[in-house]
Amino acid sequence: HSSDRSATAAAQVTAHPTELYLGARTDARVEPAGSSFELELAAINASGIRRDTRGMLAMTRVERTCDPSGCEDKESPVEEREVEIARGRTLESVVPQTPGLYRVRITADDALPVTLDLWATGEGTTGYAGEGVIADRASYRPGDTARLALAADLPEPTILLAIEHDGTVDARVIHLGSTAEGLELAVARAWSPSVQIHIAIISGGAHPKFAAGTTTLAVEPASVD
């Protein structure tokens, strides 16, 4: 009588859904309306090697409306054009002309698309119902100006700005023509290595509307001369 025997084996398989991946980055996510956002594009194969390809760049303006049942985003086309993505450094520029949230998509045949969200600030309206604070950069140096977009669409807001660092809070009250204008803050040396920005917004008289947001700014240590 022979006993039952069983054998097991395992194998790890790395599967790629596509042979080509697209990449896009920008140094600044927030700029004044009418200014240029510079985008760096790349196409990379499954082996991690850059290659040439031809694709499309499309930019839309995102408007958000909300009601008790939820929120809905509507994208309106702004620009679409062909782009040549080279193995070297490839730069493309887009220029939103009015305040608001803009979505840039890069697509190419046989490639996974990539999307970037950009905010333009200025006088006017964003068409975006929501909350939140968007900083233009990932990190800052003392003396830089941090440009912040407010993900809301409220007229003549009163803003309570609280800057929290190392247990201390600097509170400021700011009045704007609209939340579309955003805020600019001078980055202080004392904010290193990071500072929290808390924003509360109120707009309206007898029936006010509210919005709020928080973000953390990374601040590099001041260089020593």
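Using a 4.5 Å cut-off on side-chain heavy atoms (C-beta onward), I199 and L160 make no contact. Y102 has its side chain out of reach of V94: every pair of non-hydrogen atoms, C-beta onward, lies at least 4.5 Å apart. A 4.5 Å side-chain heavy-atom check between P113 and R105 finds every atom pair outside the cut-off. Contact check for L22 versus I85: side-chain heavy atoms found under the 4.5 Å cut-off. With a 4.5 Å cut-off on side-chain heavy atoms, E156 and H175 do not count as touching. Residues T53 and L20 meet the side-chain proximity criterion, which asks for heavy atoms closer than 4.5 Å. Between L118 and T26 there is a side-chain heavy-atom pair separated by less than 4.5 Å. Between L161 and V173, every side-chain heavy-atom pair lies at or beyond the 4.5 Å cut-off.
Residue P142 comes nearest to V219 through the heavy atom pair CD-CG1, 4.2 Å, listed as atom of the first residue, atom of the second, then distance. The nearest pair of heavy atoms linking S194 to T216 is CB-CG2, 4.1 Å. Residue P99 comes nearest to A33 through the heavy atom pair N-CB, 3.9 Å, listed as atom of the first residue, atom of the second, then distance. Here the closest heavy-atom approach between residue Y140 and residue T145 is recorded as CE2-O, 4.1 Å. The heavy-atom pair separating P77 from T60 by the smallest distance is CA-CG2, 4.0 Å. Considering every non-hydrogen atom in both A211 and G130, the closest pair reads CB-O, 4.0 Å.
The hydrophobic cluster containing L116 does not contain L101, counting ILVMFWY residues as joined when their side-chain heavy atoms lie under 4.5 angstrom apart, directly or transitively. At a threshold of 4.5 Å between side-chain heavy atoms, the hydrophobic network of Ile, Leu, Val, Met, Phe, Trp and Tyr places I44 and V83 in two separate groups. Using a 4.5 Å cut-off between side-chain heavy atoms of Ile, Leu, Val, Met, Phe, Trp and Tyr, with links allowed through other members, I106 and V78 fall into the same hydrophobic cluster. Put simply, I134 and L148 are part of two different groups of oily side chains (I, L, V, M, F, W, Y) that touch within less than 4.5 Å, one to the next. Residues W191 and V133 share a single hydrophobic cluster, defined by chaining ILVMFWY side chains whose heavy atoms lie under 4.5 Å apart.
Taking CD from E38 and CZ from R25, the interatomic distance works out to 9.5 Å, rounded to the nearest 0.5 Å. Taken from CG in N45 to CZ in R50, the straight-line distance is 12.0 Å, to the nearest 0.5 Å. Here L39 contributes atom CG and L91 contributes atom CG; the two are 8.5 Å apart, rounded to the nearest 0.5 Å. To the nearest 0.5 Å, atoms CG (L217) and CG (L185) are separated by 7.5 Å. For the atom pair T65 OG1 and E72 CD, the distance stands at 5.5 Å (nearest 0.5 Å). A distance of 10.0 Å separates CD of Q97 from CD of E79, quoted to the nearest 0.5 Å.
Within a 6.0 Å radius of CD in E40, more than 12 heavy atoms belonging to other residues, nucleotides or ligands are found. Under a cut-off of 6.0 angstrom, the local environment of CD in Q196 is crowded, with over 12 non-hydrogen atoms contributed by other residues, nucleotides or ligands. Shown here is D110, whose CG atom has no more than 12 heavy atoms of other residues, nucleotides or ligands within 6.0 Å. Shown here is E131, whose CD atom has more than 12 heavy atoms of other residues, nucleotides or ligands within 6.0 Å.
A donor-acceptor contact shorter than 3.5 Å links the side chain of D52 to the backbone of R87. Not a single donor-acceptor pair under 3.5 Å links the side chain of H198 to the backbone N or O of I163. Here the side chain of E84 pairs no donor or acceptor atom with the backbone of R54 at under 3.5 angstrom. A distance-only check finds no donor-acceptor pair linking the side chain of S192 to the backbone of R189 [under 3.5 Å]. Within the 3.5 Å criterion, the main-chain N or O of P155 finds a donor-acceptor partner in the side chain of S203. With hydrogens and angles ignored, the 3.5 Å screen pairs no side-chain donor or acceptor of T179 with any backbone N or O of L150.
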### Message
R61 vs E63, test: salt bridge (Lys or Arg N to Asp or Glu O under 4.0 Å). Steps then yes/no.
### Response
CA-CA 7 Å; R61 186 172 187 267; E63 296 184 352; 2.9 Å; yes
### Task
Go through the steps for D117 and R103 under the test salt bridge (Lys or Arg N to Asp or Glu O under 4.0 Å), then give the verdict.
CA-CA 5 Å; D117 282 354; R103 187 157 291 153; 2.8 Å; yes
### Task
May I have the step-by-step check of side-chain contact (heavy atoms from CB on, under 4.5 Å) for T121 and V30, ending in yes or no?
CA-CA 7 Å; T121 58; V30 182; 3.7 Å; yes
### side-chain contact (heavy atoms from CB on, under 4.5 Å) evaluation trace for R137 with R29
CA-CA 6 Å; R137 284 188 259 166; R29 295 191 304 160; over 6 Å; no
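Taking the six-membered ring wherever Trp is involved, the centroid distance between the rings of W119 and Y128 falls below 6.0 Å.
E31 and R147 are joined by a salt bridge, as a carboxylate oxygen and a charged side-chain nitrogen come within less than 4.0 angstrom of each other. At a threshold of 4.0 Å, the pair D73-R64 counts as salt-bridged, since one of the basic side-chain nitrogens sits closer than that to a carboxylate oxygen.
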